[in-house]
Chemist: 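Here's a structure for you.
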Amino acid sequence: MICLFIDNICQAKLSSHYSIVTQMKKLPILGFILVALFNFCTPNTEKLQPADAPDLIVYNAKVVLESEGQFAEAFAVKDGNFLQVGTSEEILKLKGDSTQVLDAQGKTIVPGLNDSHTHLIREGLNYTLELRWDGVTSIAEALQMLKEEAERTPEGEWIRVVGGWGEFQFKEKRLPTLEEINAAVPDKPVYIMYLYSLGYLNQKGVEVLGYDQNTKFPGGEVALKNGKPTGFLIAKPSALVLYKTLTLLPKLSKEDQLISTVYYFRELNRLGVTSAIDAGGGGQYFPDDYAVVKELAQQGKLSVRTSYYLFAVDKGKELQDVKTWTANQKLFENQDMLRPNGYMLHGAGENLTWAAADFENFLEPRPELAQGMEAELDSIVTVLAKNKWPFRIHATYDESITRFLKVLEKVDRKHPFLNRVRWIIDHAETISEENLRKIKRMGGGIAVQNRMLFQGEYFLERYGAEATKQAPPIKKMLELGIPVGLGTDGTRVSSYNPMLALYWAVSGKTWGGTQLYDESARLSRYEALKLLTIGSAWFSSEEYVKGYIKEGMYADFAVLSKDYFSIQEEEIKQLTSELTVVGGKIVFADGIFKELDPTPAPLSPAWSPVKFYGGYQNR
């Protein structure tokens with residue numbers, strides 16, 4: 001009987017290898033038996049039928065697997081998912097006539113990087129307008145870039161540098177001065193934003209905006225000298241003065257915003273990013289400021305799987321916004337024409353109410369939240385809890401987190417949602433072990449970013465070495481079993497480059513080389529990578545479909561320029577991807593794969609800084 005059953009399979013070829021694997025996921029025991037019998041009766045030399053063969057095979061690689069220190073040599077991709085992972089010999093046997101086969105030449109392949117807290121939708125609308133100082137190594141070079149770009153910038157437009165850089169990345173170990181900026185560009189308006197702390201306007205910029213001694217912003221300062229603005233903007237500690245100034249600058253046309261977004265997502269692909277979670281942001285209104293990325297998704301032109309949260313932009317309207325969203329928007333509805341989970345709404349935040357905004361400006365003292373904060377947050381979380389909406393909340397300081405958690409527990413007693421709905425604390429630099437244990441008990445997750453890479457010296461000076469050693473306490477979070485995702489908080493605070501996040505988590509250093517953390521607080525290279533892949537997938541409820549190079553998961557991966565696991569620590573900052581693939585489709589290629597690079601639309605405007613300098617300055 002068994003022999004007859006085997007003979008029937010062999011003669012009739014009832015199921016292909018691919019379809020058997022698919023059924024095996026549904027019926028594991030039966031699937032295992034069928035695969036074993038099928039392989040027993042099928043000669044190794046027989047080719048798979050065209051419909052069953054992989055779409056893509058990558059071999060001769062160092063493929064990162066689930067367990068630390070374990071690697072495969074090759075994998076096959078079919079219909080956007082990983083089909084099989086194994087040795088080069090095993091995987092090459094699956095090749096069909098139409099299979100694309102790529103020799104990785106020994107390079108390291110990692111799961112596609114997933115930034116669990118960034119602001120990619122907003123940056124997409126502005127990217128091609130911005131001169132990026134990310135990665136620039138000297139003030140002299142930064143000023144030269146300003147000067148060169150001013151020569152290309154037409155009348156009526158601005159030269160702008162909007163975050164992503166820090167004073168300690170420069171060899172001079174200082175900030176540029178207004179005098180230097182005015183000397184570099186005396187006749188075109190310039191705006192430079194530094195973290196959520198400082199802003200620089202050259203004199204032409206002050207003139208164009210019409211700022212004077214009467215220009216005021218709540219929680220901020222327009223610095224004066226002899227009754228006239230110097231051009232120096234100071235967040236004290238609110239960044240409103242920086243946000244509002246930025247909104248006064250010219251914007252791209254809709255057509256150019258579409259191009260800008262495509263180029264920004266491509267820049268993320270260049271750095272190995274295949275997924276990102278947008279945490280909303282100041283000045284980012286729904287649905288208007290989401291129209292561009294939605295249009296691209298519906299056209300199948302997004303190259304980064306994008307999950308997004310809705311940010312309450314206007315003070316005083318937060319509760320009404322949340323009520324409107326929960327009544328009218330559907331969660332987890334994919335709007336990408338080509339890719340599963342390509343563009344989806346996942347919840348509310350990171351700003352739920354401005355009363356709860358504890359700005360992370362380490363150049364200023366910790367802000368005290370208003371006494372009425374709890375009532376505002378309670379009303380908003382109640383709406384979210386009733387509607388079972390996930391949410392995230394910006395929370396830098398332990399004092400803020402203590403108050404937030406009390407509100408969540410109070411709401412849960414009336415409208416149970418804890419351990420039923422995913423909720424997130426963002427940042428958590430000074431969180432205590434007591435609050436970590438509460439978050440674990442309450443079913444929350446924590447999204448951490450490399451803000452201390454840029455601001456560690458400021459934090460150290462203000463709060464001391466002891467407080468700095470565990471800011472944030474990632475190892476303790478992991479020890480307690482709390483879901484943790486790693487990200488960048490790009491682009492206005494820190495750079496969008498995820499390699500900097502890996503470097504910070506592994507080295508425990510700032511841009512300037514200050515050692516913040518001892519070995520007990522630092523992560524291994526595998527641990528850091530895991531938080532930036534499968535760890536981040538939890539924050540969009542996708543940990544079962546992406547984050548590993550594993551059979552059945554989305555075929556999102558990056559072939560790195562160098563071996564992440566063996567290069568010197570400092571070299572991690574310069575890593576890029578030579579091949580980035582999303583859902584089995586190549587979205588970026590360079591180096592040995594350059595001929596496979598998809599050609600983007602021509603960059604516009606023609607004077608865009610991106611055309612001449614690109615984005616992150618890998619030097």
Chemist: I'd like to know whether the aromatic ring centres of Tyr264 and Tyr496 sit less than 6.0 Å apart in this structure.
Modeler: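 Yes, they do, as the ring centres are separated by less than 6.0 Å.
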
Chemist: Around Tyr544, counting heavy atoms of other residues, nucleotides and ligands shown, do more than 12 lie under 6.0 Å from its OH?
Modeler: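 No, the 6.0 Å shell around OH holds no more than 12 heavy atoms from other groups.
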
Chemist: Under 6.0 Å from the ring centre and within 45 degrees of the ring axis: does the NZ or CZ of Lys546 meet both conditions for the six-membered ring of Tyr554?
Modeler: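 Judged by the rule, Lys546 and Tyr554 form no cation-pi pair.
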
Chemist: What heavy-atom pair brings Trp325 and Trp389 nearest, and what distance separates the two atoms?
Modeler: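 Taking Trp325 first and Trp389 second, the nearest heavy atoms are O-CZ2, 3.5 Å.
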
Chemist: Checking Glu360 side chain against Asp358 main chain: does a donor-acceptor pair fall under 3.5 Å?
Modeler: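 Between the backbone of Asp358 and the side chain of Glu360 there is no qualifying donor-acceptor contact (under 3.5 Å).
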
Chemist: If I compare all heavy atoms of Val313 with all of Gln284, which pair ends up nearest, and what's the gap?
Modeler: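 Closest approach of Val313 to Gln284: CG2-O, 3.3 Å.
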
Chemist: Taking Gln169 for its side chain and Trp133 for its backbone only, find out whether a donor-acceptor pair lies under 3.5 Å.
Modeler: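 Side chain of Gln169 to backbone of Trp133, a donor-acceptor pair under 3.5 Å: yes, one is there.
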
Chemist: Could you check whether atom NZ of Lys562 has more than 12 heavy atoms from other residues, nucleotides or ligands sitting under 6.0 Å from it?
Modeler: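 Atom NZ in Lys562 is not crowded, with 12 or fewer foreign heavy atoms closer than 6.0 Å.
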
Chemist: How far apart are the C-alpha atoms of Asp489 and Phe454, what are their side-chain angles, what is the distance that settles it, and do they pass the side chain to side chain contact (heavy atoms under 4.5 Å, CB included) test?
Modeler: CA-CA 11 Å; Asp489 204 7; Phe454 292 85; over 6 Å; no

Chemist: Indicate yes or no: does Glu466 engage Lys469 in a salt bridge with an N to O separation below 4.0 Å.
Modeler: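 Salt bridge present between Glu466 and Lys469.
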
Chemist: May I have the step-by-step check of side chain to side chain donor-acceptor pair (under 3.5 Å) for Glu376 and Thr353, ending in yes or no?
Modeler: CA-CA 7 Å; Glu376 288 193 34; Thr353 170; 2.8 Å; yes

Chemist: Would one find more than 12 heavy atoms of other residues, nucleotides or ligands at under 6.0 Å from atom NZ of Lys388?
Modeler: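 Buried by this count: over 12 neighbours within 6.0 Å.
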
Chemist: With the side chain counted from C-beta on, respond yes when Ile109 and Val64 share a heavy-atom pair under 4.5 Å apart, and no when they do not.
Modeler: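 Sidechains of Val64 and Ile109: no contact.
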
Chemist: Just by modelled atom types, is the Phe311 backbone N or O under 3.5 Å from a matching donor or acceptor in the Asn351 side chain?
Modeler: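 It does not hold such a pair.
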
Chemist: Report yes if some heavy atom in the side chain of Tyr243 is under 4.5 Å from a heavy atom in the side chain of Arg492; otherwise report no.
Modeler: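 Side-chain contact under 4.5 Å: yes.
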
Chemist: Sort out for me which residue in Thr118, Asp115, Leu271 forms a side-chain contact (heavy atoms from CB on, under 4.5 Å) with Pro498.
Modeler: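 Only match with Pro498 under side-chain contact (heavy atoms from CB on, under 4.5 Å): Leu271.
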
Chemist: Between Leu405 and Asn435, is a side chain to side chain contact (heavy atoms under 4.5 Å, CB included) present by the stated rule, with each step listed?
Modeler: CA-CA 8 Å; Leu405 296 183; Asn435 279 334; 3.6 Å; yes

Chemist: Return yes if a side-chain donor-acceptor contact under 3.5 Å exists between Glu542 and Ser540, otherwise no.
Modeler: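 A pair is found: one side chain offers a donor N or O, the other an acceptor, under 3.5 Å apart.
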
Chemist: Does NZ or CZ of Arg270 lie under 6.0 Å from the centre of the six-membered ring of Phe588, at an angle within 45° of the ring axis?
Modeler: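 Output no; distance or angle outside limits.
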
Chemist: Hey, can you tell me if Phe362 and Tyr463 have their rings parallel, tilted or perpendicular (30° and 60° cut-offs)?
Modeler: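 Perpendicular, since the angle between the ring planes exceeds 60°.
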
Chemist: Test side chain to side chain contact (heavy atoms under 4.5 Å, CB included) on Tyr503 and Glu570; report intermediate values, then the result.
Modeler: CA-CA 7 Å; Tyr503 168 79; Glu570 293 300 314; 2.6 Å; yes

Chemist: Are Glu68 and Ser524 linked by a side-chain donor-acceptor pair shorter than 3.5 Å?
Modeler: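 Looking only at side-chain atoms, Ser524 and Glu68 do form a donor-acceptor pair, the distance falling under 3.5 Å.
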
Chemist: For Leu436 and Pro473, which heavy atoms make the closest approach, and how far apart are they?
Modeler: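 In this case the closest contact between Leu436 and Pro473 is CD1-CG, 4.0 Å.
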
Chemist: Under a 3.5 Å cutoff, is there a donor and acceptor pairing between the side chains of Asn497 and Asp134?
Modeler: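 Note: Asn497 and Asp134 side chains miss the donor-acceptor criterion.
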
Chemist: So if I apply the salt bridge (Lys or Arg N to Asp or Glu O under 4.0 Å) rule between Glu409 and each of Arg403, Lys414, Arg441, which one comes out positive?
Modeler: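 That would be Arg441; it is the only one of Arg403, Lys414, Arg441 passing the salt bridge (Lys or Arg N to Asp or Glu O under 4.0 Å) with Glu409.
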
Chemist: For the pair Asp278 (side chain) and Leu120 (backbone), establish whether a donor and an acceptor sit closer than 3.5 Å, ignoring hydrogens and angles.
Modeler: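 Yes: the side chain of Asp278 pairs with the backbone of Leu120.
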
Chemist: Any side-chain heavy atom of Met442 within less than 4.5 Å of one from Leu408?
Modeler: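 Met442 reaches Leu408 side chain to side chain.
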
Chemist: Over all heavy atoms of both residues, which pair between Leu460 and Ala465 is shortest? Give the atoms and the distance, please.
Modeler: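 Shortest heavy-atom contact: CD1-CA, 3.5 Å.
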
Chemist: Against Tyr308, only a single residue in Phe539, Phe332, Tyr290 fulfils ring pair (Phe, Tyr, Trp, His ring centres under 6.0 Å); can you say which?
Modeler: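 Going through Phe539, Phe332, Tyr290 one by one, the ring pair (Phe, Tyr, Trp, His ring centres under 6.0 Å) with Tyr308 is satisfied by Tyr290 alone.
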
Chemist: Taking all heavy atoms of Tyr397 and all of Thr430, pick out the closest pair and write down the distance.
Modeler: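 Looking at all heavy atoms of both residues, the shortest contact is CA-OG1, 3.2 Å.
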
Chemist: Would you mind reporting whether His427 and His394 have side-chain heavy atoms less than 4.5 Å apart?
Modeler: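 Yes. Closest side-chain heavy atoms under 4.5 Å.
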
Chemist: When you check the gap from the basic side-chain N to the acidic O, do Glu368 and Arg366 get nearer than 4.0 Å?
Modeler: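 A salt bridge links Glu368 with Arg366.
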
Chemist: What's the verdict on side chain to side chain donor-acceptor pair (under 3.5 Å) for Tyr458 and Asn361, showing C-alpha distance, side-chain angles and the deciding distance?
Modeler: CA-CA 9 Å; Tyr458 304 146; Asn361 183 358; over 6 Å; no

Chemist: Taking the side chain as C-beta and beyond, is there a heavy-atom pair between Arg462 and Pro365 under 4.5 Å?
Modeler: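 They are in side-chain contact.
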
Chemist: Taking all heavy atoms of Ala395 and all of Phe404, pick out the closest pair and write down the distance.
Modeler: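 Shortest heavy-atom separation between Ala395 and Phe404 comes out as CB-CE1, 3.7 Å.
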
Chemist: Leu302 and side-chain contact (heavy atoms from CB on, under 4.5 Å): which partner among Asp336, Val587, Val582?
Modeler: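 So the option named by the test is Asp336.
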
Chemist: Ring-plane angle category for Phe75 and Phe82, please: parallel below 30°, perpendicular beyond 60°, tilted otherwise.
Modeler: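 Rings of Phe75 and Phe82: perpendicular, as their planes differ by over 60°.
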
Chemist: Go through Thr488 and Asn450 one step at a time and tell me if the side chain to side chain contact (heavy atoms under 4.5 Å, CB included) criterion holds.
Modeler: CA-CA 6 Å; Thr488 64; Asn450 58 308; 4.1 Å; yes

Chemist: Do Val162 and Thr491 touch side chain to side chain, with heavy atoms closer than 4.5 Å?
Modeler: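 No. Closest side-chain heavy atoms not under 4.5 Å.
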
Chemist: So does Ser303 get a backbone contact from the side chain of Asn269, meaning a donor-acceptor N/O pair under 3.5 Å?
Modeler: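 At least one qualifying donor-acceptor pair exists.
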
Chemist: Would Arg451 and Thr396 count as having a side-chain donor-acceptor pair, cut-off 3.5 Å?
Modeler: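 Yes.
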
Chemist: Can you find a side-chain donor-acceptor pair between Thr580 and Ser577 that sits under 3.5 Å?
Modeler: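 Checked: Thr580/Ser577 side chains pair up, N/O donor to acceptor below 3.5 Å.
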
Chemist: So do Arg132 and Tyr616 actually touch side chain to side chain, heavy atoms under 4.5 Å?
Modeler: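 With C-beta onward as the side chain, the pair stays apart.
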
Chemist: So, do Leu502 and Arg525 sit near enough that their side-chain heavy atoms are less than 4.5 Å apart?
Modeler: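 No. Closest side-chain heavy atoms not under 4.5 Å.
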
Chemist: Is the backbone of Thr510 close enough, under 3.5 Å, to the side chain of Thr514 for a donor and an acceptor to pair up by distance?
Modeler: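 Absent.
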
Chemist: Check for me whether Lys173 meets the cation-pi criterion with Phe168, that is, NZ or CZ under 6.0 Å from the six-membered ring centre and within 45 degrees of the ring axis.
Modeler: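 The answer is no; the distance or angle limit is not met.
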
